Amino acid sequence: MRSVSVIGVGQTKFDEHWELSLRDLIAEASIKAIQDANVGSKDLEAIFGGCMAAGRFIGQEHIGALMADQLGVNPLPAIRCEAACASGGVALRMAYLSIASGAYDVVAVGGVEKMTDVSTEDAAIALAGAGDQEWELFNGATFPSIYALMARRHMHDFGTTEEQMALCAVKNHANGAFNEYAQFRTPFTLEQVMNSGYVAEPLKLLDCSPISDGAASLILCTSEKAKQFTDKQVEIVASTQASDTLSLHDRKTMTGMYGTEVAAKKAYEQAKISPKDVNVLECHDCFTIAQIMALEDLGFCRKGEGGKFVESGGIDKDGEIPTNMSGGLKAVGHPVGASGVREAIDVVRQLRGDAPKETQVADAEIGMSHNVGGSGATVVLHVFKRRF
Ligand code: COA
């Protein structure tokens with residue numbers, strides 16, 4: 001397998017973009033990444049695009065071809081990847097594999113979603129299609145309620161508290177305040193999160209990621225050729241993926257994601273590192289309980305101790321594993337097909353030293369992005385290493 005590096009990143013602000021179409025979002029993010037990578041469109045050989053449900057949200061399918069068309073790079077092959085909220089992570093992994101295998105030298109990765117053209121109710125139903133339609137959605141379970149079940153069980157088994165979950169939101173929103181691309185830039189106090197009203201008990205409004213529009217893009221290149229384009233190359237030293245049952249009731253446990261555990265074990269082996277070597281983490285905090293479970297499943301703290309780990313400062317900028325310095329899905333927003341790519345971008349920014357100074361982790365050399373589809377039926381992990 002050949003070594004692969006990220007040579008360019010670009011994204012739109014994540015927001016409610018009433019004035020922009022899906023096409024506009026794709027174009028803005030991709031052009032920024034192409035410019036950042038210093039490549040010409042003639043250098044690109046393929047496009048891999050993550051998008052979860054454009055058919056449901058705006059009535060548009062065939063997003064791969066749309067991306068190539070919109071970028072004016074026909075007749076390049078363009079492939080849409082769909083894995084619910086992990087669509088972007090899977091697109092990144094497919095692009096990585098296409099270069100590692102020797103098929104291409106330079107490819108573009110995109111992730112996009114335009115969710116706010118429909119009502120919250122319709123968005124919730126579209127998203128719930130990523131769960132088990134027959135066993136979950138048919139019986140009224142949307143994602144806030146599915147994650148609420150996981151939260152309840154975590155509270156029951158390990159004594160995790162609503163305050164500990166709320167603290168994830170407080171910390172992520174505090175970081176997001178410095179991120180110019182974030183949907184929410186207002187910090188919240190613990191009291192505000194605790195009083196924000198239940199969406200699905202014990203999860204409150206401010207425990208949830210929002211409904212968002214946005215796009216994100218990366219340019220990947222063989223590490224050998226990357227030097228032609230940039231002197232700030234970031235190598236992908238591990239790319240792993242795992243699947244689990246679609247429905248929660250079929251799992252051995254509701255208090256963690258087996259897919260994350262499996263993908264993490266493989267990622268640490270591939271990168272020849274242990275959790276202690278990771279300097280910065282972007283994890284998939286679609287709900288605050290998801291962040292607590294991710295910290296445990298990725299091996300940054302012991303099972304059941306995620307809440308205490310957050311409380312004790314483990315995820316802070318100067319903590320054991322600075323986490324979601326961007327603001328995470330919670331504050332940055334969660335345009336579902338784009339989030340996996342955006343998480344990777346924020347890790348790359350940290351390793352390049354390009355994060356806002358208030359949230360930049362000093363001397364970050366190794367970073368990890370963690371992207372989840374549904375309630376854990378798909379998990380994608382990437383480990384990145386600074387190469388300059
Ligand atoms: N975090 C912070 N603020 C939020 C927010 C969030 N997740 N969602 C909405 N807000 C804010 C809005 O900006 C608005 O503020 P304002 O009154 O100052 O303008 C207010 O809260 C109400 O927003 P509204 O859009 O009416 O909320 P809603 O009730 O329609 O939707 C949720 C709120 C939580 C139900 C919705 O965001 C949701 O379903 N989130 C989960 C998405 C999801 O499941 N993703 C997939 C994960 S697997």
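Computed from a prediction, not measured in an experiment: that's the story for all the values here. Whatever order the structure lists them in is the order used to number ligands and atoms, beginning at 1.
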According to side-chain contact (heavy atoms from CB on, under 4.5 Å), who are the partners of Pro202, at least two apart in sequence or on a separate chain? Ala148, Ala151, Arg152, Met155, Glu162, Met165
Among Thr323, Ile321, Leu298, whose side chain to side chain contact (heavy atoms under 4.5 Å, CB included) with Val278 holds? Ile321
When you pair each N or O of ligand 1 with protein N or O atoms, which pairs come out under 3.5 Å?
residue  : atom   : partner : partner atom : Å
ligand 1 : 1 (N)  : Lys330  : NZ           : 3.0
ligand 1 : 7 (N)  : Cys208  : O            : 2.6
ligand 1 : 7 (N)  : Ser209  : O            : 3.4
ligand 1 : 7 (N)  : Pro210  : N            : 3.3
ligand 1 : 30 (O) : Thr120  : OG1          : 2.5
ligand 1 : 40 (N) : Ser209  : O            : 2.9

Do Val199 and Tyr147 have side-chain heavy atoms sitting under 4.5 Å apart? no
Quick one, Gln291 with Asn324, criterion side chain to side chain contact (heavy atoms under 4.5 Å, CB included). Give me CA distance, side-chain angles, the key distance, then yes/no. CA-CA 9 Å; Gln291 178 157 334; Asn324 291 339; 2.9 Å; yes
Could you go through residues 206-213 and list every donor-acceptor pair under 3.5 Å that involves a side-chain atom there, pairing it with any protein atom two or more places apart or in another chain?
residue : atom : partner : partner atom : Å
Asp207  : OD1  : Thr288  : OG1          : 2.7
Asp207  : OD2  : Lys204  : N            : 2.9
Ser209  : OG   : Cys286  : O            : 3.0
Ser212  : OG   : Gln183  : OE1          : 2.6
Ser212  : OG   : His334  : N            : 2.8
Asp213  : OD1  : Met115  : N            : 2.7
Asp213  : OD1  : Thr116  : N            : 3.0
Asp213  : OD1  : Thr116  : OG1          : 3.3
Asp213  : OD2  : His17   : N            : 2.8
Asp213  : OD2  : Lys114  : NZ           : 3.1
Asp213  : OD2  : Thr116  : OG1          : 2.6

Would you mind writing out the side-chain donor-acceptor pairs for residues 373-385 within the sub-3.5 Å range, not counting sequence neighbours?
residue : atom : partner : partner atom : Å
Ser375  : OG   : Arg251  : NH2          : 3.3
His382  : NE2  : Ser239  : OG           : 2.9

